[in-house]
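Each remark here refers to the structure printed beneath this line.
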There are 2 protein chains.
Amino acid sequence: MTAETSVESVPRREREREMRRAAMLDAARQVLAEKGFADATIEEIAQIAEFGKGTLYNYFPGGKEEILHAVVEDVYDDLRDLVERSFAADATEPARDQFRRFIGRAFAHFTERRELFRILMKEAQRLGFSGDEERVRFYLEQRRKVAGALEVPVRRAIESGEIRPLPPEAIVHMILGNLQGVQMQMALQDRIGTCTAPSLSSDEASDLVTTILFDGLLTAPAHPRNDSEPGTHAHDA
Amino acid sequence: MTAETSVESVPRREREREMRRAAMLDAARQVLAEKGFADATIEEIAQIAEFGKGTLYNYFPGGKEEILHAVVEDVYDDLRDLVERSFAADATEPARDQFRRFIGRAFAHFTERRELFRILMKEAQRLGFSGDEERVRFYLEQRRKVAGALEVPVRRAIESGEIRPLPPEAIVHMILGNLQGVQMQMALQDRIGTCTAPSLSSDEASDLVTTILFDGLLTAPAHPRNDSEPGTHAHDA
DNA sequence: GTTAGAAATGACCGACCGGTCAGAATGCGA
DNA sequence: TCGCATTCTGACCGGTCGGTCATTTCTAAC
């Protein structure tokens, strides 16, 4: 009955350690989402995880900072997986449909995981704009994980001629910016009882983003669709 | 020579007070951009503004929080002005050109005022997601100043039939999301010597955003342009 | 020059928190 | 059961910082 130290897949001892680590990260997520990095206290994380403060330092010798990094890293890993899974389908599927699927899943992901979105908004930016070289590098690395994954289908769609040959990195940033902007709107929306707007549903939001992104706002093309490069239009002084 | 307390436009005493207040806010902007709210110290702000710490509390009895609010409020006011100025032109100008002008100015505004963008990124979100009812309300109010201003031209363009009749609030959020996403990319880009990308210029960025926003990514319309409502497309489970 | 009121100042206080470490608890093999 | 090793723990320490207020400095009216 009592476990033997046999050569099982994972040495038991280690598995338990991993479980505890996960519990600590769970607690950290919760507190970070609620308070933000600056106001979160190690003490509270420890309390929620039901460990002594000192124990956290066993698992995360780097202290608060290391905990934040671990949490953020997980969030971005999940996001990258989500991207990769969303585009895994056959290559014949129209780009528009593939992206529509991704966008829908991304909204769903963060809608049922508010706290992760909060952490991303509150802390990721802070890392990116931190004065500390190390932190900035970490942030860029994380962001590139996702951007890199998303660049693959974008490039494919450009090569197949489905979408305009604009700089892929820029397209990726715009897509991510759109997602963030609308997710933000939805998050704020139910934060105060819908002040004015008719409360976009997750599905409506997906359609909307896809439409604007792929079809554009204009009702009638101002100039030929195959005018692929932005070209020069009205500039201002 | 010595000033008289005459009934001039502004009572001198008050003007000087206003100047000092402005100097303090300048210093605050600088420190907030560099360190963020949590790590900024009143002491440092006072030092840079060349006042004693106590004096700051004369001008901002609410302390650190009130200072942040004042700074953020100014940023949003400027932004709203920028929106209103950009669309003040005659009503016959095509919507696309008007928005192109706005987008260009917005990039220019934040490109030559990095520190304001930083503050917006680092702190505004934090306010929006704060647990405190009061802070959230403040944030929403600020944001609405800008969103409200931008909604005007959007509504006009919808009514004139130039752009699709999608929910104006959503369009506004997407526009703002795009601007933020791309501005962010540019900010990060020159934060580390351009890792890979060919470094989007401010003007290229404006064209790019305008193109995607108005003309869409697709090279050929997948379905009729006047299919104004997003309609149902590929959904996923 | 005098003085009353306003404004500026920075030493000080108390709260808070990240991180440490000596000792307690626990596990585990002999 | 014993004893060693590993892990857990929370009281404690040092440092920081927001905010206060008694004192000083300035201003301007008389």
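Just so it is clear, the values below take in all heavy atoms, side chains as well, and ignore hydrogens, waters and symmetry mates. Worth saying up front: this structure is predicted, and the values here are computed from it rather than measured. Here is the naming used below: chain letters follow the sequence lines, and residue numbers restart at 1 for every chain.
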*Rounded distance in Å - CE (Met24(B)) to P (dA7(C))*: 12 Å
*Specify the separation, in whole Å, of atom CD of Glu16(B) and atom P of dA8(C).*
10 Å
*asked:* Without decimals, in angstroms, what is the distance between Phe60(B) CZ and dA8(C) P?
replied: 12 Å
_Using a heavy-atom cut-off of 4.0 Å across all strands, would you classify Tyr59(A) as base, sugar-phosphate, or nothing?_
sugar-phosphate
*Out of dG18(D), dG18(C), dT9(D), whichever nucleotide has its closest atom nearest the side chain of Phe51(A)*: dT9(D)
*Among dA8(C), dG18(C), dT7(D), find the nucleotide with the atom closest to the side chain of Arg17(A).*
dT7(D)
*Interatomic distance where CG belongs to Asp39(B) and P belongs to dG15(D) [whole Å]*: 19 Å
*Please determine if Glu16(A) and Arg20(A) form a salt bridge, counting it only when a charged side-chain N lies under 4.0 Å from a carboxylate O.*
yes
*For dA7(C), take OP1 and OP2 only and decide whether either is under 4.0 Å from a side-chain N or O of Asn58(B).*
no
*Interatomic distance where CD1 belongs to Ile45(A) and P belongs to dC17(C) [whole Å]*: 12 Å
*Do Lys122(B)'s NZ or CZ and the ring of Phe37(B) fall within the cation-pi criteria of under 6.0 Å and 45°?*
no
*DNA chain C: Ala40(A) or Gly54(A), which has the more 5' nearest nucleotide?*
Ala40(A)
*Show your reasoning for whether salt bridge (charged side-chain N to carboxylate O under 4.0 Å, His left out) applies to Arg100(B) and Asp207(B).*
CA-CA 7 Å; Arg100(B) 170 59 179 80; Asp207(B) 282 329; 2.8 Å; yes
*Examine the base of dG19(C) for any acceptor or donor lying under 3.5 Å from a partner atom in the side chain of Lys53(A), and report the outcome as yes or no.*
yes
*Mind calculating the distance between CD (Glu43(A)) and C1' (dA11(D)) to the nearest angstrom?*
11 Å
*Distance check: side-chain N/O of Arg20(B) vs OP1/OP2 of dA7(C), anything under 4.0 Å?*
no
*Rounded off to whole Å, could you give me the CD1-to-P distance for the Ile42(A) and dT20(C) pair?*
11 Å
_Does this structure show an ion pair linking Arg126(A) with Glu123(A), if we count only N-O contacts that are shorter than 4.0 Å?_
yes
_Cation-pi, Tyr59(A) ring and Arg17(A) (6.0 angstrom, 45 degrees)_ = yes
*At under 4.0 Å between heavy atoms, what does Thr55(B) touch on the DNA or RNA strands: base, sugar-phosphate, or nothing?*
base
*Rounded interatomic separation in angstrom, taking CG from Leu56(A) and P from dG19(C)*: 11 Å
